[in-house]
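In what follows, every chain begins at residue 1, and chains take the letters A, B, ... in the order their sequences are listed. In this text, all values refer to a predicted model and were calculated from it rather than measured experimentally.
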Amino acid sequence: MKTATAAAVQPDGDQDVPRVVLSARGLRRDFAGFVAVNSVDLDVHHGKIHALIGPNGAGKTTIFNLLTKFLQPTSGRIELLGTDITRTSPAKVARMGLVRSFQISAIFPHLSVLDNVRVALQRPSGLGFQFWRSLSALDELTPRARELLGIVGLDDAANRLAGDLSYGRKRVLEIATTLALDPKVLLLDEPMAGMGHEDVGTISGIIRSLARDRAVLMVEHNLTVVADLCDWITVMQRGQVLAAGDYATVSQDERVRIAYMGTEHE
Amino acid sequence: GEISDGKVKIGILNDQSGVYADFGGKWSVEAAKMAVEDFGGKVQGAPIEIISADHQNKPDIASNIARQWYDTEQVDAIMELTTSSVALAVQGLSKEKKKIDIVTGAASTELTGKQCSPYGFHWAYDTHSQAVGTGGALVQQGGDNWYFITVDYAFGYSLEEQTAKLVKDRGGKVLGEVRYPLGSTDYSSFLLQAQSSGAKVIGLANAGLDTSNSIKQAAEFGIVAGGQRLAALLFTLAEVHGLGLQAAQGVVLTEGYYWDRDDKSRDFADRFFKRTNRMPNMIQAGTYSAVSQYLKAIDKAGTDETEAVAKQLHEMPVDDVFTANGKVQADGSMVHDMYLYQVKKPEESKKDWDYYTYLATIPGDQAFMKAEESGCPLVAK
Amino acid sequence: MSELTLQERRTAASVRLEWGLVALGVLALIAAPFFIYPIFVMKMLCFALFACAFNLLLGYTGLLSFGHATFFGGAAYLCAYAVKAWGWPPEAGILLGMGGAALLGLVMGFLAIRRQGIYFAMITLALAQMFYFFCVQAPFTEGEDGIQGVPRGTLFGIVDLNVTMNMYYVVLAIFLIGVFAVWRIVNSPFGMILRSIRENENRAISLGYSVGRYKLAAFVMSAALAGLAGATKAIVFQFATLTDVTWQMSGEVILMNLLGGIGTMVGPVVGAGLVVGLENTLATSGFPVTIATGLIFMVCVLIFRRGIVGEIYARWLAPAADGGDKG
Amino acid sequence: MTMIFGIPIQALLGQLLVGLINGSFYAMLSLGLAVIFGLLRIINFAHGALYMFGAFIGYLLLVHLGIGYWPALVLVPSAVGLFGMAVERAALSRLYRIDPLYGLLFTFGMALVIEGVFRFYYGVSGNPYAVPALLAGGTNLGFMFLPNYRGWVVLASLIVCIGTWLLIEKTRLGSYLRAATENPELVQAFGVNVPLLLTLTYGLGAALAGLAGILAAPVYQVSPLMGSDLIIVVFAVVVIGGMGSILGAIVTGYMLGLAEGLTKVFYPEASNLVVFVIMAIVLLLRPAGLFGRDA
Amino acid sequence: MSEPLLAVRDLHAWYGEGHALHGVNLDVFRGETVTLLGRNGVGKTTTLRAIMGLVRKRTGSVVFNGKDLIGLPLHRVAHQGIGFVPEERGIFATLTVDENLILPPVVAKGGMSVDEIFDLFPNLKERRNSPGTRLSGGEQQMLAIARILRTGVQMLLLDEPTEGLAPVIVQRIGELLATLKKRGMTILLVEQNFRFAARIADRFYLMEHGKVLEGFAVGELNVHTELLHEVLGV
Ligand SMILES: Nc1ncnc2c1ncn2[C@@H]1O[C@H](COP(=O)(O)OP(=O)(O)OP(=O)(O)O)[C@@H](O)[C@H]1O
Ligand SMILES: Nc1ncnc2c1ncn2[C@@H]1O[C@H](COP(=O)(O)OP(=O)(O)OP(=O)(O)O)[C@@H](O)[C@H]1O
Ligand SMILES: [Mg+2]
Ligand SMILES: [Mg+2]
């Protein structure tokens, strides 16, 4: 039912027929008797930014884990680009173009910043298993890696150890790595967490430009960002979908205000 | 001259830190040094040198050391060689290198059987002598059904096999056996199995610490008190000393040497005791004997050249503190009398190291296999 | 080279020195048999190759296997048996050993790879113990005695390996090829992925890498190289024994790596040389081997934590030496 | 007579009881190891050596000072515990921040040295330690003759295991220790004297090993080799039980004794192997061990 | 209010060779809430960690309640009355929520009881028997704050307590901090969420490059908008 509206309410006069690239039906996950996610339906559209919000512990990260197959759903079905991926391995899903970032920043701390990005570029380039070639085989990836670092403003840190970056810059690096895979669907778990205002602006810009030719699903607590950036919002509570719609709709919803936004948010 | 490199160098290679370190160990090295001193320190005018190494019971380590000794240290002969796998490996190498080896610390009859060497000698005892000694004597005394507790490797098998054969040959029966992995510490389970088999004799086909622990636990479970006898198929004075008479009493065993046997043996033992603070067992005394005999052979041959010395060793009778009537067979086995003893009760022991009651002598030609039966290819049919 | 990553810059700073040392080392090895007992050097080389193979896994993939003796000793048995019982030429025996080790590695790796850290180590240990048991029980290994008197034979029908010097240079060649293989693998695109898996496995998965396959591949490569070392050792010493499949052997190779320096190219070689040399010297010294070895380990852990080579790197060659303090 | 697989049930009962006795030693040793590993993340390879050390101290007390079994039961664990604490202070405490491998290597070296020293001075064939008079003899249970001393071993180990478990799982101390393994700095920042805690923990683990040693002295020959092969088995027990799980170590210790006991009846050659087979199966099916919480 | 409760003078700190703090000076008076502002990586977290002694390599002086904390062993610091809530939360995986909660020793009277805490954070009560790290990110953050409230410390060091929290919870935490303040708690806060900080703080310190650039009271905010804009982009 919600999905039907989702399709109907697609804003703007985009020429493309809005294309569902990632969809979940009846998703459920139990943890030893505790239901973390319960009958969730979700559609993510190409070219759109979709926000998943909700109070802490609502099950957002768990949904990410389910969609990316880091966790197996107890029941339900997931489709990526028309293929059933309910039983596919996480690496395979990633290769099919569904890439995530982590809530706790995920980088390779003892590699240089540049190498962090090159590792990501390596896979699509097919260099992964080449154990007989020298490392200079990777030089062909360097320009693109530099470019990506440039986009997120890390070019000055290319040669530092990733682990030495501050928290915020680690997250930025993680996004650059994610971009390197040129994903079709991007799942971002709290990309702005721990970032200063200026960076929030930068990242918003990056995300917006990214969404032009791919789908983005993000979890974010910063409502300003959500309001500003997202085309569609799903609000979760206690593992279930509480409401869905664009920001205006959702933010007027009394239940959402009580469960999530609090009274102060206008 | 006649002596290569101007000196005679003997390597004592044995376990000095592992499970058999008391069996021969550094005391064998001491015995070898005594032999050299007793010989006067020189043979054919050339100095005699003893070197030693710890092979940790690993045949590969042993053969590496042996190889290095032969290749770079001008070692003329290697002796002791505790543990069959080590002895076989080193004997193989010695054969290839045309060097003399005299085994006193290992039991396998293979050494003088299929894998015999024209330059290899087996001195103090072997599995056959132990089987005949302990097994044969007990059957004679009415111990006609047996249960074996056997360590799970070649040495254990052959000890068990040869004893079992003897028991059966003499009309006895084998009621069962249990094979346990080397280095087990708890034998209660095996002892219970042996106990419930109802066998009159429990044969321990193992050695060293394993035997000590099995005997100790047998005492704890009242095996001997319950009327069964324990036959330790390879057990020497060193282990009896370690175990103490309280636990070891009543055990029947075979040795080729006991310090309190006669004046000659007592004299040697006293001198040995002064140096080491312990009495020698058959391995240590055997090593003394082997070194002495080797030196005598060189002296007689007038050279340390292997062929010549080996020829002398094969021909010369052995008469020393170890044995009075030893002779070397064509397969390299030194045939001599073995003795059956029973470990005394604590109250029977009159002085330190007074551990054994003499039961019987097993004449050499019974204790050891005939050269023709040994399967040694060198023995002319 | 247009762009230098941090890693490469570190290397660049010390690269000339390092290559210089390596060249010196190779020259020393070529000359060694004229000064040192060649069989001893061959033993060191075999263990050094074994240690390097192990380092490929521990140092560069972050997998601690406690069952590597299986590959080392298993290959030795296979090679010794083929050469002795079937009369195979040495090169075929060695290849068979290596292939067998790779196969064993595939099986063990397949089972163990799904577990991590200490659990991984324990599964490999358990499987290695089973293999040990197999070797104790199987008749072809000849139990405690081991397969003795393996003929060295003639390499490719031309080089008579019974000549010590011939044997020596063959072993040296095998060693160099093996170490080069490790170096190549580590410094390859594939090695880069291994490193990133070690750093952050989940992240590597989310980048689309089938982590299990990479680990398995590394495991099999390491097993094969360990097998190469073991098979060569069997030919050199004409011997294959249980010693080589015991857990203590698996432990020993870990020690060699720790002593030399995990995650450095030269470390395992130095570590192996040290351990083997120590065993050799102490065996005939009369001083209890275990006490000396024990003391050296204790001192190393307290003072040369990164291993000897790792410590040298860390102190003199680069502030950001890789891998020294993690596994 | 009822038979199971061709073995009379009485005999089987006897075997199980004997297995349980061995299990008591496993349980006590793996308990100490689990305490040390679970809380310090140090794989204490010296555990077997400390066990041997305990037995030897008991023996030396008897021979040189005439101090008998019962006082030794207190003195030995205290001595080994103190020794452990000294070692922890002097060396191990520097190793927490780094890879557990180093702790393993260090304790391995320590085990070699302790064993080597005893070997050097006392040889290997072992020294006798008599069963205390009070517990000499045995009881006929009908299906087997149970040496009284072995009965006592089971009892003593049960008391010790349950006591330690309660201490660690049910007191605040336990949560300090577990938290300190994860993030010692933070726990310290909360105001807990973590270094002291760790020293005491290692001392406790060592004392448990020492206690097992003195309990074992009358059963086995007091020999420098008595602990050397044990460590790997005991470590496997800890892994099967679930690393860091105290209860797991205890229960698995007893269970392994039983499993080994049965193997000794049906396939004695494999009795040393059984622990590894169990470990492989358990880890493949339950990665965190029987009682572990998965990571 | 003459003597500051916490006085930091010329505090330097290093990570290995990396010099992270270059002489930080700041005062926090009793009952005050002070916020450290600054962009990513300027050393805010490091300042808190250096005050606690979690950064080993440090020089300068950190006087708390008249006692210099430098030179004090780490485990004595908390007993002076300071509690720390780290940025990465530091929830213990092997402890349940309950155990996590009662882990920090009580250092003084006046802390909250477990029941009071559960009233404040009903989520936690619901999951009290789960392993700590099975909580969602936000729940973990609550737990990290909650457990310090039990200990009765006079001063809290909070590193980005609102990070990753839902607005309702942020609001709740805002209220909580206000309550604590009323009870006389002294708070040193690191916060990226300027709006949140602005609502509860009495004073601000603006950090840059491992140094305090400027300190000002909440009343002076409008005077400093320029600077804030320039440094923080707000
Ligand atoms: N592996 C697990 N085992 C048990 N419970 C879990 C597990 N993972 C998550 N949970 C529980 O499921 C619920 C949903 O967690 P999730 O991490 O998805 O929340 P979230 O919506 O991402 O919250 P936040 O915004 O705080 O990150 C939480 O109550 C959490 O405790
Ligand atoms: N463990 C560490 N090792 C090395 N350098 C570090 C470490 N932690 C932080 N740094 C460096 O110290 C500097 C200060 O970091 P700090 O974490 O204090 O910044 P911050 O102001 O808290 O930033 P953020 O808002 O991102 O948390 C940064 O340059 C960072 O890269
Ligand atoms: Mg989350
Ligand atoms: Mg910070």
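If you measure heavy-atom distances from B:Leu243 to chain D, the contacts under 4.5 Å come from both the backbone and the side chain. Using a 4.5 Å cut-off between heavy atoms, D:Pro224 does not touch chain B at all. Neither the backbone nor the side chain of B:Gln246 comes within contact range of chain D; no heavy atoms are under 4.5 Å apart. Looking at B:Ala238, only its backbone comes within 4.5 Å of chain D, counting heavy atoms on both sides. Contact of B:Phe190 with chain D is made through the side chain alone, with heavy-atom distances under 4.5 Å. In this structure, the portions of B:Asp186 lying under 4.5 Å from any heavy atom of chain D include both its backbone and its side chain. D:Asn272 touches chain B through backbone and side chain together, each having a heavy atom under 4.5 Å away.
Taking D:Tyr220, D:Phe25, D:Tyr122 one by one and counting their heavy-atom pairs under 4.5 Å with chain B, the maximum is reached by D:Tyr220. Across B:Gln195, B:Glu239, B:Glu220, the residue that shares the most heavy-atom pairs under 4.5 angstrom with chain D is B:Glu220. With respect to chain B, the highest number of heavy-atom pairs below 4.5 Å among D:Val219, D:Val222, D:Ile21 belongs to D:Val219.
Minimum interatomic distance between D:Ser223 and B:Leu209 (heavy atoms only, all atoms of both residues): OG-CD2, 3.4 Å. B:Ser189 approaches D:Lys264 most closely through the heavy-atom pair OG-CB, 3.3 Å. Between D:Phe120 and B:Lys26, the shortest heavy-atom distance links the atoms O-NZ, 3.5 Å. Shortest non-hydrogen contact noted between D:Pro268 and B:Pro181 is O-CD, 3.3 Å.
Between D:Arg150 and B:Ser188, some side-chain heavy-atom pair lies under the 4.5 Å cut-off.
Summarising the geometry, atom CD belonging to D:Gln15 is positioned 5.0 Å from atom CG belonging to B:Leu192; distances are rounded to the nearest 0.5 Å. Interatomic distance, CG of B:Asp210 versus CD of D:Gln221, reported as 11.5 Å (0.5 Å rounding).
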